[in-house]
Undergrad: 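Please read through the structure below; I'll follow up with questions.
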Protein chains: 2
Amino acid sequence: MNYAAFRQKIHISREDICLNIYAQNREKFRIKKEKTVVKNLGKIFTAALKISNEKGFQAMSMRNFSKETGLSIGALYSYFSSKDELLEMIQRQGRLMVKRLLDDHILALEDPLDRLRKAICIHIYLSEALQPWFYFSYMEAKNMNRAEKEKALASELATDLIFADIIRQGQSSGTFLPRDPQLTAGLIKAILQDWYLKRWKHAKRKISVDQYARFVLECVEAMILPCPALAGIRK
Amino acid sequence: MNYAAFRQKIHISREDICLNIYAQNREKFRIKKEKTVVKNLGKIFTAALKISNEKGFQAMSMRNFSKETGLSIGALYSYFSSKDELLEMIQRQGRLMVKRLLDDHILALEDPLDRLRKAICIHIYLSEALQPWFYFSYMEAKNMNRAEKEKALASELATDLIFADIIRQGQSSGTFLPRDPQLTAGLIKAILQDWYLKRWKHAKRKISVDQYARFVLECVEAMILPCPALAGIRK
DNA sequence: GTCTATATACGGATAGAC
DNA sequence: GTCTATCCGTATATAGAC
């Protein structure tokens, strides 16, 4: 599967996301007309992620934010009661989308190597489709309050666990080399995160997401399978 | 070489660092008595890195900072003229230490595999010894002004280049597999950065820096050499 | 629903006593 | 060399007109 196919299949657009946020938080908005809310949520989340990812969430002042959205400060406060609540909404929505999409796609397969490949691909493609969300979560985590921070860490550990489990499965069946599964999972994750954390670098070098995914798969397989040559033979 | 040996050899302590900062910025400090300056610089840099790495440099207020250092706000401004200058000093000192230590250690060797191993080890050990500095540079880069940001990016690319060059050298001599050197370098770097970025995770799992370095070497060699078995034979 | 004007608090930075 | 008190700008958030 390449990225284009992924996008066709999974259906993530700004419109979809905003509809979703609206459905989740309906009672929190002072404004009640769905059409208005959805339209403005689009501006709000796009601007919030843009400014935050350029210079940090704290450094985004409301004046700043107001100018970027084209809405007045007063209007903005009809959609959240404080900057903190906005941050919480961003985080919740991010987690929700990732969980929904990640769980569905990986659990279907049986063979550990197929699962590993799929997990890697999905993760990279998902982080491409939701790059601003992933970047935000990563960079802002340490600035959040206790509760939010803990959720972010839990989420990090959960992803590690998915990979560690696949690796253990592969080791049990004798397909994978017996290297520490937890460390291996962490290492794979670091590589995956690099895609959305160093976007400017990859853009500069004109690396496409498909190239990156292909490259990562090749390297991870070399690391995890007894001998590179076998990878070709097995499938 | 293990981490303990590294520390013995390279000589990085808070005291050393502060003496160094003092020597570099002598004219900037309103206070002139070396002993006083060095003592307070210790408090200042320790506190600045601690608070910043917990909740961000911007979120560190001067009142905050004053309490952590035990110095009054007025006294603090005897050592820098603005928060921005403080940030700049932190960054400059960080770059200086890294450059000095990194260059020295890697250039000596000839064999590409030895060089690669050495570069990986040194980078991990150095980022352990200077963890707060590395973490700060990584997480704060996007919040800096243009000039500082550019220096940070240049530094990122420079490290990539060191690895890419070693890899090209190894490919020329036929030792390494012919995988894209730039992508490979980036991937290795992502793995190295994970050590200082996810410190809490590794601490929780009780992974020592020596274990991590050993593990990374093993994985990178599996990825880069024609066949894992050959690694043992070659050396 | 959206705007402008404003209340209120907190930020960085400085002056001047000690 | 260090401290306290204070200036002044800018931040978030709200009130009330339109």
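Proteins come first, then strands; the chains are lettered A, B, ... in the order of their sequence lines, and each starts at number 1.
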Undergrad: Are A/Leu183 and B/Tyr212 packed together at the side-chain level, in the sense that at least one heavy-atom pair is separated by less than 4.5 angstrom?
TA: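 Side-chain contact under 4.5 Å: yes.
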
Undergrad: Tell me, yes or no, whether the heavy-atom count around B/Lys151 atom NZ, taken from other residues, nucleotides or ligands under 6.0 Å, exceeds 12.
TA: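 Yes, enclosed.
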
Undergrad: Please work out if B/Ser72 contacts a base, only the sugar-phosphate, or nothing of the nucleic acid, heavy-atom cut-off 4.0 Å.
TA: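 If one applies the 4.0 Å heavy-atom cut-off, B/Ser72 turns out to touch a base.
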
Undergrad: May I have the step-by-step check of salt bridge (Lys or Arg N to Asp or Glu O under 4.0 Å) for B/Lys43 and B/Glu68, ending in yes or no?
TA: CA-CA 8 Å; B/Lys43 292 181 195 166; B/Glu68 181 77 28; over 6 Å; no

Undergrad: Quick check: are there more than 12 heavy atoms from other residues, nucleotides or ligands sitting under 6.0 Å from NZ of B/Lys50?
TA: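 For B/Lys50, atom NZ is not crowded (no more than 12 foreign heavy atoms under 6.0 Å).
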
Undergrad: Within the supplied structure, the quantity of interest is the number of heavy atoms (other residues, nucleotides, ligands) at a distance under 6.0 Å from A/Lys28 NZ; does it exceed 12?
TA: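 More than 12 heavy atoms, drawn from other residues, nucleotides or ligands, come within 6.0 Å of this atom.
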
Undergrad: Going 5' to 3' along DNA chain C, between which two nucleotides do contacts with chain A fall, using a heavy-atom cut-off of 4.0 Å?
TA: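 First and last nucleotides in contact are C/dG1 to C/dT4.
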
Undergrad: Pairs under 3.5 angstrom, nitrogen or oxygen only, protein versus nucleotides 11-15 of chain D, please.
TA:
residue, atom, partner, partner atom, Å
D/dA11, OP2, A/Arg63, NE, 3.3
D/dA11, N7, A/Arg63, NH2, 2.9
D/dT12, OP1, A/Met60, O, 3.4
D/dT12, OP1, A/Lys83, NZ, 3.1
D/dT12, OP2, A/Met62, N, 2.6
D/dA13, OP2, A/Tyr77, OH, 2.7
D/dA13, OP2, A/Lys83, N, 3.0
D/dA13, O5', A/Tyr77, OH, 3.4

Undergrad: Salt bridge check: are A/Arg199 and A/Asp194 linked by an N-O gap of less than 4.0 Å?
TA: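 Here A/Arg199 does not pair with A/Asp194 in a salt bridge, since their nearest N and O are not under 4.0 Å apart.
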
Undergrad: One pair to check against ring-ring contact (aromatic ring centres under 6.0 Å, His included): B/Trp133 and B/Phe45. What are the steps and the verdict?
TA: CA-CA 10 Å; B/Trp133 302 79; B/Phe45 280 78; 5.8 Å; yes

Undergrad: Does B/Tyr79 reach a base, just sugar-phosphate, or nothing at all? Heavy atoms under 4.0 Å.
TA: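 Counting heavy atoms under 4.0 Å across all strands, the contact made by B/Tyr79 is with sugar-phosphate only.
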
Undergrad: If we ignore angles and hydrogens, is there a donor and acceptor under 3.5 Å between the side chains of A/Ser52 and A/Glu140?
TA: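 No, because no side-chain N or O of A/Ser52 sits under 3.5 Å from a partner of the opposite role on A/Glu140.
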
